[in-house]
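Worksheet: the structure to be examined is printed underneath.
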Amino acid sequence: MAESTAAKKNITNRKPKVLKRKLSKKQLTELYYYMILNRALDDRISSLYKQGKFHGGAFVSRGQEATSVGSAYALEKGDVIGPMIRNSGAVLVRGVPPHEFLANYLGKKTGPTHGKDGNSHFGDLKRNIFAPVSMLGVLIPVCAGAALAFRIKKEPNVALTWIGDGGASIGDFHEGLNFAAVMKLPFVLILENNGYAYSTPTSKQSLVEDFVVRAQGYGIPGEIVDGNDVLAVYDVTKRAVERARKGEGPTLIEAKTFRMKGHAEHDDASYVPKKTIDYWQKRDPIANYEKYLLKEKVLAKKDLAEIQSTVAKEIDAAQTFAEESPLPLAEEAEQGVYAS
Ligand SMILES: Cc1ncc(C[n+]2csc(CCOP(=O)(O)OP(=O)(O)O)c2C)c(N)n1
């Protein structure tokens, strides 16, 4: 885990220094709440999957909560996001309640896709959330297009999406980012370098150690951030979003993080060396943030416990709602498939 070439050359900001903006106690607490909610929802998804209650796969983001939550928290209401399978934390920050996730996973009528998708591929246009597009990379041109629409309509909003290290090898990454760059669109791309694309290690995806060096090739700013540090992610995203809003164009942010589970729940990740898991376990984003909150006396141990217990109750209620919800009727199968 040597210091990267890019960091040595100072191209990037591997260790964001002090948090440049002061967050209030309420905001710092909310960041904690959303990370706990993200993990508790994931744990419940994992457990329901193991009980055989889902018809499809289950995708969780253990270890990557800080990247999703910190970046989404830096946005304003009118901004658009294009989440992928590791970004349920961002979707929660935008206000989608956990019961919608569980109802969707269970194929219920009350889920956002009314039983049509069996996991997390749903959007919510009321909350400016595009649905994840399964074909990796596609959300980059889609979100660049949303950013262009904001420009044309003179709306002061930003579009943000995430891509994995594997997805960054897809042609759409280049086309979308280059388009956003030359058009100086209000667009932010967060590349979550989480070590693996399914079972393929990042070293087999790219010969550059730091994906962020690609930013130079597009003529845009690039920054590296510790993706397991929620405050650093918030800070770097906030700056990128402010640049975008001022008309200074897109930023590529590389968040160094780790996928602490397999690609999906069916994958035991036995191909990941134990020492790598141990290395990242010590950098768990939630445990680290708890240490920060206690050290800075933002919250006491009992406050953390209270938040965890509130979240546990919320997840129990979400499961009850989802399990008690009806399945869709056969005659509803074609409803909502095409625009009417
Ligand atoms: C164009 C395309 N190729 C292959 C796949 C199958 N696939 C889905 S997720 C995935 C791995 C993605 O890895 P990465 O982009 O690093 O994201 P991570 O899962 O690590 O978050 C693959 C190969 C796909 N969905 N789209």
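When a ligand or atom number is given, it counts from 1 through the structure's own listing order. The first residue in the sequence is number 1, and the count goes up from there. Just so we're clear, the structure is a prediction, and the values are computed from it rather than from any experiment.
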Heavy-atom nearest neighbour in the protein, as seen from atom 17 (O) of ligand 1, with distance rounded to 0.1 Å: G164 CA, 3.7 Å
Ligand-side contact atoms (ligand 1) for residue partner N194, heavy atom cut-off under 4.0 Å: 18 (P), 20 (O), 21 (O)
Any N or O of Q64 closer than 3.5 Å to N or O of ligand 1: no
G167 N/O under 3.5 Å from ligand 1 N/O: yes
I163/E192 under side-chain contact (heavy atoms from CB on, under 4.5 Å): CA gap, chis, key distance, verdict: CA-CA 6 Å; I163 183 85; E192 293 187 74; over 6 Å; no
Close N or O approach (G166, ligand 1; < 3.5 Å): yes
Closest heavy-atom pair and its distance - D165, A197: OD2-N, 3.7 Å
Min side-chain heavy-atom separation L102-F321 under 4.5 Å: no
Closest protein heavy atom to atom 19 (O) of ligand 1, given as residue, atom name and distance to 0.1 Å: R86 NH2, 2.9 Å
Atom 11 (C) of ligand 1 [closest protein heavy-atom partner, distance rounded to 0.1 Å]: Y198 N, 3.8 Å
Ligand 1 contact on H263 by region, counting heavy-atom pairs under 4.0 Å: side chain
Parallel, tilted or perpendicular: rings of H266 and H263 (30°, 60°): perpendicular
K25 side, atom NZ; K297 side, atom NZ - distance, nearest 0.5 Å: 12.5 Å
Protein contact to atom 25 (N) of ligand 1 [nearest heavy atom, distance to 0.1 Å]: S134 O, 2.8 Å
Nearest non-hydrogen protein atom, atom 26 (N) of ligand 1: L136 N, 3.1 Å
Nitrogen or oxygen atoms of I85 and ligand 1 under 3.5 Å apart: no
Under 3.5 Å: N/O of D165 near N/O of ligand 1: yes
Structural part of A197 in contact with ligand 1, heavy atom criterion under 4.0 angstrom: both
Heavy atom of protein closer than 4.0 angstrom to atom 6 (C) of ligand 1: no
Parallel, tilted or perpendicular, as decided by the 30° and 60° cut-offs, for the rings of F101 and F122: perpendicular
Under-4.0 Å heavy-atom contact with ligand 1, by part of I170 that carries it: side chain
Distance flag, aromatic centroids of Y279 and F258, threshold under 6.0 Å: no
From CA spacing to verdict: side-chain contact (heavy atoms from CB on, under 4.5 Å), H121, I85: CA-CA 8 Å; H121 293 83; I85 50 174; 3.9 Å; yes
Value rounded to 0.5 Å, distance of CZ in R39 from CZ in R44: 15.5 Å
